[in-house]
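Structure provided below as structure tokens; questions to follow.
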Number of protein chains: 2
Amino acid sequence: MTKLTSVLDGAARWPVHYRKGRLIYDEGEASKAVYRLDKGCVRLQVNGAEGDRQIVAFLFPGDLFGLCVDRRNSSAEAVTDVDLTRYTLQSLLDLSTRSPEVTIQLMRGAETLYGELAHHVEQIAHLSAPERVLWFLHWLGAREPGRSGGTVRLPMSRRDVADYLGLTQETLSRVIRQLLTSGEVEARGPRMIVLRRPTVPLHQLGSDTPEAALSAL
Amino acid sequence: MTKLTSVLDGAARWPVHYRKGRLIYDEGEASKAVYRLDKGCVRLQVNGAEGDRQIVAFLFPGDLFGLCVDRRNSSAEAVTDVDLTRYTLQSLLDLSTRSPEVTIQLMRGAETLYGELAHHVEQIAHLSAPERVLWFLHWLGAREPGRSGGTVRLPMSRRDVADYLGLTQETLSRVIRQLLTSGEVEARGPRMIVLRRPTVPLHQLGSDTPEAALSAL
DNA sequence: CGCTTCTTTGAGTGCACTCAAATTGAGTGG
DNA sequence: CCACTCAATTTGAGTGCACTCAAAGAAGCG
């Protein structure tokens with residue numbers, strides 16, 4: 001939160017607010033602004049053909065998004081009520097002529113999203129359903145740690161999680177039940193999950209089986 | 001292609017060359033340069049845990065890549081012998097203080113890759129194997145049109161295509177055979193394929209329903 | 001020409017899917 | 001506060017697609 005001041009703050013900006021579920025911008029729109037997420041959770045998504053929706057990113061406080069100069073390549077929607085800082089693209093570009101730091105920050109924002117998405121593709125293409133769910137929970141836990149160790153709060157719906165992991169909601173539901181009954185995770189209400197082991201390094205999730213991960217306790 | 005990056009040519013740059021199969025940069029390395037592809041084909045990939053490899057992008061002449069300010073979030077390898085122009089990151093950043101155009105071009109480069117990857121995820125998650133292969137062939141045909149209508153040249157191996165589409169090479173091989181016997185595509189040697197109908201505009205493949213897009217072929 | 005690498009083909013199986021219905025939860029008004 | 005409604009989630013049953021394992025065939029390369 002305190003870190004939310006940046007070199008970008010020399011540009012024209014306003015605080016804006018969106019209610020849960022609202023569209024922040026739509027794919028194909030002209031890009032006129034860049035956003036920083038201050039509070040809440042945002043999803044970036046592409047809406048496919050038959051109403052299939054693929055969520056390509058979940059964003060949390062501190063994240064920069066909407067870094068496009070032409071048209072939006074994805075939609076942004078508020079997962080929860082959100083507070084944003086809206087920077088005009090024009091003023092950011094102007095500001096970039098004053099210091100390379102601005103360009104660096106903009107590139108870093110784009111780079112972070114790209115890196116996450118690249119690994120996201122890798123996970124979807126190569127992991128089984130249970131592995132994907134565990135990977136997601138650990139990623140979320142590392143990203144937004146709960147107060148007590150291993151506790152993960154999920155601000156988004158099951159549908160959102162399924163659309164992020166490339167699973168159907170039915171499969172996701174079954175997998176979560178399986179993880180609960182096998183004791184790999186515990187439930188603290190429908191949107192709070194406790195991981196058996198406090199966050200595991202992400203790279204282990206891809207290589208080890210859930211059993212191997214557990215036996216490493 | 002010269003117009004796309006002409007504004008960057010005020011930065012320090014050299015022509016460089018890589019042989020087929022060579023590593024241009026590796027995931028995790030410090031980012032010190034940005035590249036423009038002048039000739040040949042490059043793949044961006046992330047290497048998963050158990051030796052799984054996910055190709056996240058195929059690049060063609062005119063494309064800008066390696067736009068990172070910190071560490072490489074993916075590896076880049078030469079699919080064929082390639083000619084590149086290598087820009088030092090530092091000089092590009094310095095140049096960005098002279099004109100917003102530089103920042104715009106850098107952002108546009110990043111934006112293009114992100115947009116393609118976002119749709120790539122969507123395809124992998126929601127299309128069947130035959131649909132993925134047809135989508136890839138049409139994308140490639142639109143990107144690198146052969147001399148005669150509908151002819152697509154594949155500079156990359158079957159293994160590369162499989163790793164791009166999230167399929168095994170066996171499945172890819174079977175699907176291609178199926179498309180050949182059903183007459184949907186024709187072979188002109190192992191690395192040249194003729195599509196039944198001349199290439200469809202890319203936006204139709206992404207935004208329309210698969211039925212609409214595929215039946216339009 | 002012999003070697004390695006790439007690609008194709010074969011056989012069989014399991015996982016995640018579709019279709020369908022029950023159940024829970026959230027929001028609204030009496 | 002409690003029905004009521006509509007959406008979200010869970011559960012059930014059954015099936016097909018893409019996978020793994022295994023081996024033959026084709027193509028590149030010294």
Side-chain angles (χ1 to χ4, degrees), chain A residues 19-21 43 48-55 77 79-81 123-136 154-182 185 187-193 209-211, chain B residues 19-22 43 48 50-55 77 79-81 122-136 154-182 185 187-193 210-211:
Chain A
R19 288 295 178 79
K20 174 179 177 175
R43 60 176 180 255
E50 316 168 322
D52 334 329
R53 183 184 65 159
Q54 178 64 44
I55 294 179
E77 292 183 4
V79 172
T80 63
D81 289 2
Q123 308 295 342
I124 284 186
H126 296 299
L127 296 188
S128 69
E131 287 170 332
R132 288 185 221 182
V133 174
L134 278 176
W135 167 75
F136 175 73
L154 297 97
M156 69 292 287
S157 70
R158 297 300 156 102
R159 182 57 178 270
D160 282 348
V161 177
D163 284 349
Y164 181 75
L165 296 177
L167 299 172
T168 60
Q169 45 188 1
E170 295 97 323
T171 296
L172 175 65
S173 180
R174 279 181 248 271
V175 167
I176 289 177
R177 166 134 313 287
Q178 192 181 333
L179 292 175
L180 287 172
T181 58
S182 71
V185 303
R188 293 270 187 282
R191 292 206 169 176
M192 192 80 88
I193 283 185
T209 63
E211 291 72 30
Chain B
R19 289 294 179 80
K20 174 179 178 175
R22 287 302 173 80
R43 59 176 181 254
E50 314 169 328
D52 334 328
R53 183 184 66 157
Q54 177 64 43
I55 293 178
E77 292 182 5
V79 172
T80 62
D81 289 3
E122 207 268 327
Q123 309 295 342
I124 284 185
H126 296 299
L127 297 188
S128 68
E131 287 169 330
R132 287 184 222 182
V133 173
L134 277 177
W135 167 75
F136 174 74
L154 296 98
M156 70 291 288
S157 70
R158 297 299 157 102
R159 182 57 178 270
D160 282 348
V161 177
D163 285 349
Y164 181 75
L165 295 177
L167 299 171
T168 60
Q169 46 188 0
E170 296 96 325
T171 296
L172 175 64
S173 179
R174 279 182 249 270
V175 167
I176 290 178
R177 165 135 314 287
Q178 193 182 332
L179 292 176
L180 287 172
T181 58
S182 72
V185 303
R188 294 271 186 283
R191 292 207 170 178
M192 192 79 89
I193 284 184
E211 286 76 29

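Owing to the predicted nature of the structure, the values given are computational and were not obtained by experimental measurement. The chains referred to below are lettered A, B, ... by the order of the sequence lines, with proteins before strands, and numbering in each begins at 1.
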query = Of all heavy-atom pairs between A/Leu180 and A/Val185, which one has the smallest distance, and what is that distance?
reply =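 Of all heavy-atom pairs spanning A/Leu180 and A/Val185, the closest is CD2-O, 3.5 Å.
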
ask   = 5'-most contact on DNA chain D: A/Leu172 or B/Ala129, nearest heavy atom basis?
value =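 That would be A/Leu172.
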
inquiry  = Categorize B/Gly166 for me: base, sugar-phosphate, or nothing, with a 4.0 angstrom heavy-atom threshold over every strand shown.
reply    =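 The residue B/Gly166 makes sugar-phosphate contact but no base contact.
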
key: Closest non-hydrogen atom pair, B/Pro155 against B/Val79   =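 The answer is O-CG1, 3.6 Å.
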
inquiry  = Just N and O in the side chain of B/Thr171: are any of them under 4.0 Å from OP1 or OP2 of D/dC19?
reply    =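 Checking D/dC19 against B/Thr171, a side-chain N or O does come within under 4.0 Å of OP1 or OP2.
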
Protein and nucleotides 5-9 of chain D: nitrogen or oxygen contacts under 3.5 angstrom:
unit_1 : atom_1 : unit_2   : atom_2 : d
D/dT9  : OP1    : A/Arg158 : N      : 3.2

query = What bend angle does the helix from C/dC1-D/dG30 to C/dG30-D/dC1 show across its length, from five-pair end axes and to the nearest 10 degrees?
reply =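 Computed angle between terminal axes is 50°.
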
For atom CG of A/Leu127 and atom P of C/dA16, their distance in whole Å =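 In whole Å, C/dA16 P lies 11 Å from A/Leu127 CG.
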
key: Residues which pass salt bridge (Lys or Arg N to Asp or Glu O under 4.0 Å) with A/Arg53, listed by chain and number, not counting sequence neighbours   =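 Counting only residues at least two positions away or on another chain, A/Arg53 forms a salt bridge (Lys or Arg N to Asp or Glu O under 4.0 Å) with A/Asp160, A/Asp163.
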
Within the sub-3.5 Å range, which N or O atoms of nucleotides 21-30 of chain D have a protein N or O partner, and how far apart are they?
unit_1 : atom_1 : unit_2   : atom_2 : d
D/dC21 : N4     : B/Glu170 : OE2    : 3.3

ask   = Looking at CD1 of B/Ile193 and CG of B/Leu154, how far apart are the two atoms once the value is rounded to the nearest 0.5 Å?
value =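 Spacing of CD1 (B/Ile193) from CG (B/Leu154) equals 5.5 Å.
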
Between C/dT9 (C1') and B/Ile176 (CD1): distance, integer Å =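 Rounded to the whole Å, the gap is 14 Å.
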
Return all side-chain donor-acceptor pairs below 3.5 angstrom for residues 166-178 of chain B, not counting sequence neighbours, or 'none' if the list is empty.
unit_1   : atom_1 : unit_2   : atom_2 : d
B/Thr168 : OG1    : B/Thr171 : N      : 3.2
B/Thr168 : OG1    : B/Thr171 : OG1    : 3.0

ask   = Within this structure, what is the NE2-to-C1' distance between B/His126 and D/dC17, rounded to whole angstrom?
value =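 Rounding to the nearest Å, NE2 of B/His126 and C1' of D/dC17 are 17 Å apart.
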
inquiry  = Without decimals, in angstroms, what is the distance between B/Leu165 CG and D/dA18 C1'?
reply    =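 Interatomic distance, CG of B/Leu165 to C1' of D/dA18: 13 Å.
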
message = Distance check, rounded to the nearest 0.5 Å: B/Ser157 atom OG versus B/Lys20 atom NZ?
response =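 Spacing of OG (B/Ser157) from NZ (B/Lys20) equals 8.5 Å.
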
request  = May I have the distance from B/Gln178 (atom CD) to C/dG10 (atom C1'), rounded to whole angstrom?
outcome  =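 In whole Å, C/dG10 C1' and B/Gln178 CD are 16 Å from each other.
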
inquiry  = To check you understand the geometry: which heavy-atom pair defines the closest contact between B/Leu165 and B/Arg132, and what is its length?
reply    =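 Closest approach of B/Leu165 to B/Arg132, heavy atoms only: O-NH1, 2.8 Å.
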
query = Of the nucleotides C/dC17, D/dA18, D/dT10, which one has an atom closest to the side chain of A/Arg177?
reply =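 Nearest to the side chain of A/Arg177 among the choices is D/dT10.
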
B/Arg22: salt bridge (Lys or Arg N to Asp or Glu O under 4.0 Å) partners, not counting sequence neighbours =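 Testing B/Arg22 for salt bridge (Lys or Arg N to Asp or Glu O under 4.0 Å), a comparison that skips the adjacent residues, returns none.
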
query = Do the ring planes of B/Tyr164 and B/Phe136 sit parallel (below 30°), tilted (30 to 60°) or perpendicular (above 60°)?
reply =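 Answer is tilted, since the angle falls between 30° and 60°.
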
query = Rounded to whole angstroms, how far apart are CD1 on B/Ile124 and C1' on D/dA18?
reply =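 Computing the B/Ile124:CD1 to D/dA18:C1' distance gives 14 Å.
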
